[in-house]
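Computation of the quantities below employed the complete heavy-atom set of this structure, encompassing side-chain atoms and omitting hydrogens, waters and symmetry-equivalent molecules.
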Amino acid sequence: MHKPLTAYDLPNELFIDGRWRPSVSERRIDVFDPSTEALITSVPDATLDDAAAALDAAQAAAGAWAATPPRRRSDILRRAYELMTRDAEKIAQLISRENGKALGDARGEVAYAAEFFRWYAEEAVRINGEISIAPSGQARTIVQYQPIGIALLITPWNFPAAMATRKIGPALAAGCTCVLKPATETPLTAFLIARILAEAGVPDGVVNVLTTSTAGKLTNAMLDDPRVRKLSFTGSTEVGRVLLRKAADSIVHCSMELGGNAPFIVFDDADVDAAVEGAMIAKMRNGGEACTAANRLYVHRKVLAEFSEKLAQRMGALAVGDGVDASTQCGPLVNRASLDKVGALVDDARSKGARVMTGGAKLDRAGFFFQPTVLADVPANADLLHEEIFGPVAPIVAFDDEDEAVRFANDTEYGLVAYVYTRDLARGMRVSERIESGMIALNRGLVSDPAAPFGGVKQSGLGREGAHHGLLEFMEAKYISTNW
Ligand code: NAP
């Protein structure tokens, strides 16, 4: 079942200036399989000298890449999409192996990740400007979009392929060069993507990949380097805050995709079976380890019993097992700290009166497994209603009317996504407008789409990824005033 690593034909050195090379330090970081806790391999532990070399490479390549015709940049991205699709199964296996997610989820992620290359291949040739006459009539106003400069891209472990392509795609389309720092838990997928980009024709130095055990130190040094003009970060709100403070020193432009605490609202007029189906996707995609995961399920009292029982039945029937096993529907959590955190959140809710309808415990085996869990009668002071669970646990809370549902939904510092189920479209639109979040899934369990602007309000982030919005995050508007 578990292939030896050589089966993946994997590059696992730093990727700098188009070459694979060890860290100057020669130190390595071990990478483990969350399904078995076995060592997979090790990756280099980059130093400040490696980071400087990556920036030198990105700087040397910047001028030529910005001047490369958009059609050529587009063709390269299109080729990267085709190569990712060609290698989809190999990449999916690797994602399951290093992240633990079920192979079905990993296959879905690869398809989603590749789409960012296809979408931005299409956007690369659609960088339009604007021209207008100044209100005074005395000048023409020309607005032109230019690449922002070298971009530092930092990604989390939960979508090791998609979070990388969602940044690299628009950066390259815009004409920026970049340095990618993937999460230490899941660095291998980033190396495979770097190899695909090189095969697709990305010139040396345009994309560089660094793995490190000292993310803060390396990032601080790169943000202090005046050549870095962009930081695109996806990860926790806590680390996002630290990075925003640091980026302020050099006024580096920031895009921040941070944490979520998504409400999932089921009104009494909803199609309950469709809502259960949607909840399974919104909660269990990626085993619950998604920033978009339904974190709090608010269900109208009239349909509470029916929804809860049907959801518990579906959750209890999921096949839990090794990520790479094709029959698995829910893999392990990414590491022991995550497993302990999810266990502690469930224990806290139980101690405050929540009722376990299914699951509720860790699995007694190697690997970081938690049973798919449904909790009913969850009290308002349970910690898991206020912080990201990031695991296969669905807490259900009853509500009585629309105002109460909206109040519950907005009672959080986060504002990434919300899910709403109702057959009444007017109510659906009204509630969508009242909920404080960057995205709404109305009668759907999934919002992610490369062609749509993904992002949050409040403490879920700044800026958008995907769509044309994602491209503009890597560009500066230049205004030229003239007359003729
Ligand atoms: P994390 O701990 O914030 O780490 C994210 C990335 O930041 C990793 O590459 C990490 O490197 C790096 N990092 C950590 N501390 C740093 C520092 N001081 N300076 C610079 N970089 C630093 O988040 P995570 O646990 O990997 O991911 C889960 C979080 O990501 C959740 O909160 C989830 O909601 C969020 N997320 C958001 C979105 C979105 O689009 N809004 C999408 C996916 C995930 P190391 O791995 O080396 O620590």
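- Here the CZ-SG distance, from Arg73 to Cys176, works out to 8.5 Å after rounding to the nearest 0.5 Å.
- Ring-plane geometry between Phe116 and Tyr120 is classed as parallel, the angle between the planes falling under 30 degrees on a 0 to 90 degree scale with a further cut at 60.
- Side-chain contact between Leu218 and Leu210: present, with at least one pair of heavy atoms (C-beta onward) separated by less than 4.5 Å.
- Within the structure, salt bridge (Lys or Arg N to Asp or Glu O under 4.0 Å) pairs that include any residue of residues 156-177 comprise Arg166-Glu465, Lys167-Glu465 (at least two apart or interchain).
- The stretch residues 176-187 participates, sequence neighbours left out, in these side chain to side chain donor-acceptor pair (under 3.5 Å) pairs: Glu185-Asn335.
- The existence of a salt bridge linking Lys230 and Glu473 is confirmed by a sub-4.0 Å separation between a basic side-chain nitrogen and an acidic carboxylate oxygen.
- Scored by the salt bridge (charged side-chain N to carboxylate O under 4.0 Å, His left out) test, Asp273 finds Lys310 as partners (sequence neighbours excluded).
- Applying the side chain to side chain donor-acceptor pair (under 3.5 Å) test to residues at least two apart or on different chains, none of the pairs has a partner in residues 385-397.
- Listed by chain and residue number, Ser74, Leu77, Arg78 satisfy the side-chain contact (heavy atoms from CB on, under 4.5 Å) test with Ala121 (two or more places apart in sequence, or in another chain).
- Expressed to the nearest 0.5 Å, how far CG of Leu103 lies from CG of Asp105 amounts to 9.0 Å.
- By the ring pair (Phe, Tyr, Trp, His ring centres under 6.0 Å) test, Phe368 is found to be paired with no residue, residues two or more places apart in sequence or in another chain being considered.
- Listed by chain and number, the residues in a side-chain hydrogen bond (donor to acceptor under 3.5 Å, both in side chains) with Arg444 amount to none (sequence neighbours excluded).
- Residues passing the side-chain hydrogen bond (donor to acceptor under 3.5 Å, both in side chains) test with Asn295 are Asn261, sequence neighbours excluded.
- Applying the salt bridge (charged side-chain N to carboxylate O under 4.0 Å, His left out) test to Lys302 and every residue at least two apart in sequence or in another chain returns Asp268.
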Legend entry - Asp424 and Phe267: CA distance, side-chain angles, deciding distance, side-chain contact (heavy atoms from CB on, under 4.5 Å) verdict: CA-CA 9 Å; Asp424 178 346; Phe267 283 101; over 6 Å; no
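- No salt bridge links Arg464 with Glu257; every basic N to acidic carboxylate O contact stays at or beyond 4.0 Å.
- Under the rule for a side-chain hydrogen bond (donor to acceptor under 3.5 Å, both in side chains), Tyr414 has no partner lying at least two apart in sequence or in another chain.
- Applying the side chain to side chain donor-acceptor pair (under 3.5 Å) test to every pair with at least one member in residues 144-159, sequence neighbours left out, gives these pairs: Glu130-Tyr145, Gln146-Lys478.
- With sequence neighbours excluded, the residues that form a side-chain hydrogen bond (donor to acceptor under 3.5 Å, both in side chains) with Asp400 are Arg301.
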